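See below for the structure under consideration.
The chain is numbered in sequence order, starting from 1. Predicted model only: the values in this text are computed from it and were never measured. Note that ligands are numbered from 1 as they come in the structure, with each ligand's atoms numbered from 1 the same way.
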Amino acid sequence: MSLISHGPAWAALQAHWSDIDRLRMRDLFDDDPERCARFSLEACGLHVDYSKNLITAETMRLLMALAREADLDSWRNRLLRGDKVNNTEGRAVLHMALRNLGNRRYEEDGEEVMPGIRSVLSRMRAFSDDVRHGRWLGHTGRRISDVVSIGIGGSSLGPKMACEALRPYQRNDLRVHFVSNIDAAHLMQTLDGLDPATTLFVIASKTFTTQETITNAESARAWCLDALHDEAAIARHFVAVSTNRDAVAAFGIDPHNMFEFWDWVGGRYSLWSAIGLPIALAVGMDRFEELLAGAHDMDEHFVEAAPEHNMPIVLALLGIWYNNFGGSDTQAIIPYDQNLQYLPTYLQQVDMESNGKRVTRDGDAVDYATGPVIWGQPGTDAQHSFFQLIHQGTRLIPTDFILPLASHHDLGGHHDKLVANCLAQAQALMRGRTADEARAELEAGDVDAGRIAELVAHRVFPGNRPSNMIVVDRVTPRVLGALIALYEHKVFVQGVVWGVDSFDQWGVELGKQLAGNILADFRRITCSPGVDSSTASLIRRYRMAIDE
Ligand code: F6P
């Protein structure tokens, strides 16, 4: 077994952390006026200032050595070549092909995949144009006013995040909604007020067997038939996005109304495929293709740029620096853009489902932390909820700020204040406030000496808290595509260094399996043998509640 943690690059970084931990970021800035320029990158419409990290040039050199030791170059080539890098599922990972607007050749088992991708893209264009221009009508001849996408996980989070991010590009006569939770509230509350005659359902599921999605889809079909009283209506009100044609047909959706994708598209990497159909419906196919173009720009950057100038590689290694050497467990994502409100949730799946693994590709247990806990919400709201802990708590929480320089809304003074707040948070995290500074401020405020002595410790900010500032001009479809692809590749690079399969998700299976058993136990007099006393008691309690 050869774990990356047993190699020389890991040991060098471990030793280096104790040197770095002694440094103060504010001193590093004072000593080097070029620090920001030295630690900034520009690519694909994104500017990444990573100078507010606990790093020196030596740190970056050691981190790059770690990437080399993990054989990153060759893993990237395997990904591009269509090798089965998802080894536990025996699958290639080709989501880059979905946005391949250049002439790179992508193959799966020796077969070119681009013709199939182009053909689905053109069907998506024809369909989304028809719906948007009122050529695709409901069963009673009325125009579609609402699209309800039913899916969960990777079949929902990406399109939902992107539709919200691109809300300024949406028309208000065609609303797009997302239902994922099996909790009836989600479907019922979404359908409340919608007209079945003008509602189109997109049932999105790679497998077309996911319990939540199929249950919601069945209830949606009943809701539709209840109002339209004709099975033929399903063909005008239901389309599917899936890899499973037979299951789509068995559900009752005409396979002509199915948009296909392929098993080499991982669920959490699927928004670029037909899973993105709700995005095309919401903002139009031209804009969906701009989104693909932005992601393609980032793919090319990831493939071509030298590691030191390669945004995904640099961000990945910085994450590893804190996760594995600085003892940090989490990563906060704070977009200063209300429309990016679902980005942290979306990235939770991309990152945590990909790298939340405890064994390497070979099945050996790792002896280091893998994927961090990803969390966050938009600023400035975040400042008024959990930022206290990031500033003055005991934990080290690396933070990514995402900042658009221009808003889609020109409303006197708002954007200046938003940007000022974002910059101030990053600055405060980096600089902190020393005891002397805290004391001086209190003295200037005429606070008496006894009270100052009591308050100083509470008003000290340790600073030295790392952050990246990802700046974009404005959140356009192209910029959004590049931003998402940046995180996808970052996660890939981290998975390579940790030696895990970032493309499987066995951890979600056990719960699904047990839910099936428990569901059956609700209808039995006694629980199945072997059920623990806690679960059995909860099952009994639920049975009693439904019997009342
Ligand atoms: O439960 C996790 C998961 O398997 C994800 O990986 C996937 O994105 C999601 O469920 C939905 O699966 P499907 O698209 O097959 O319904």
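- The distance criterion of under 3.5 Å between nitrogen or oxygen atoms is not met by Val508 with respect to ligand 1.
- Residue, atom and distance of the protein heavy atom nearest to atom 9 (C) of ligand 1 are Ile152 O, 3.6 Å.
- Asn257 contributes a side-chain N or O that, together with a main-chain N or O of Ala235, makes up a donor-acceptor pair within less than 3.5 Å.
- Phe178 and His186 have their aromatic ring centers separated by at least 6.0 angstrom.
- For the pair Asp73 and Trp75, the minimum side-chain heavy-atom distance is 4.5 Å or more.
- Below 3.5 Å of separation, one finds no N or O of Arg268 facing any N or O of ligand 1.
- The contact set between ligand 1 and Gly153, taken as ligand atoms under 4.0 Å from a residue heavy atom, comprises 8 (O).
- Side-chain atoms of His301 never come within 3.5 Å of backbone atoms of Asn310 as a donor-acceptor pair (strictly under, hydrogens ignored).
- Screening Asp504, Asp501, Asp263 against Arg91 for a salt bridge (charged side-chain N to carboxylate O under 4.0 Å, His left out) leaves a single residue, Asp263.
- By the 3.5 Å distance cut-off applied to N or O atoms, Thr210 is counted among the residues near ligand 1.
- Ligand-side atoms of ligand 1 in range of Gly154: 7 (C), 8 (O), range being under 4.0 angstrom from any heavy atom.
- Of the candidates Glu509, Lys512, Glu353, the one placing a heavy atom closest to atom 4 (O) of ligand 1 is Lys512.
- At the shortest separation from atom 15 (O) of ligand 1 among protein heavy atoms lies Thr207 OG1, 2.6 Å.
- Taking the six-membered ring where the residue is Trp, the centroids of Tyr487 and Tyr346 are separated by 6.0 Å or more.
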Before giving the answer on salt bridge (Lys or Arg N to Asp or Glu O under 4.0 Å), spell out for Glu260 and Arg123 the whole-Å C-alpha distance, their side-chain angles and the decisive distance to 0.1 Å.
CA-CA 10 Å; Glu260 178 193 14; Arg123 288 192 59 223; over 6 Å; no
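- Numbered from 1 in the order shown, with element, the atoms of ligand 1 that lie under 4.0 Å from a heavy atom of Gln349 read 5 (C), 6 (O), 8 (O).
- The residue among Gly267, Gly158, Ser155 with a heavy atom at the shortest distance from atom 14 (O) of ligand 1 is Ser155.
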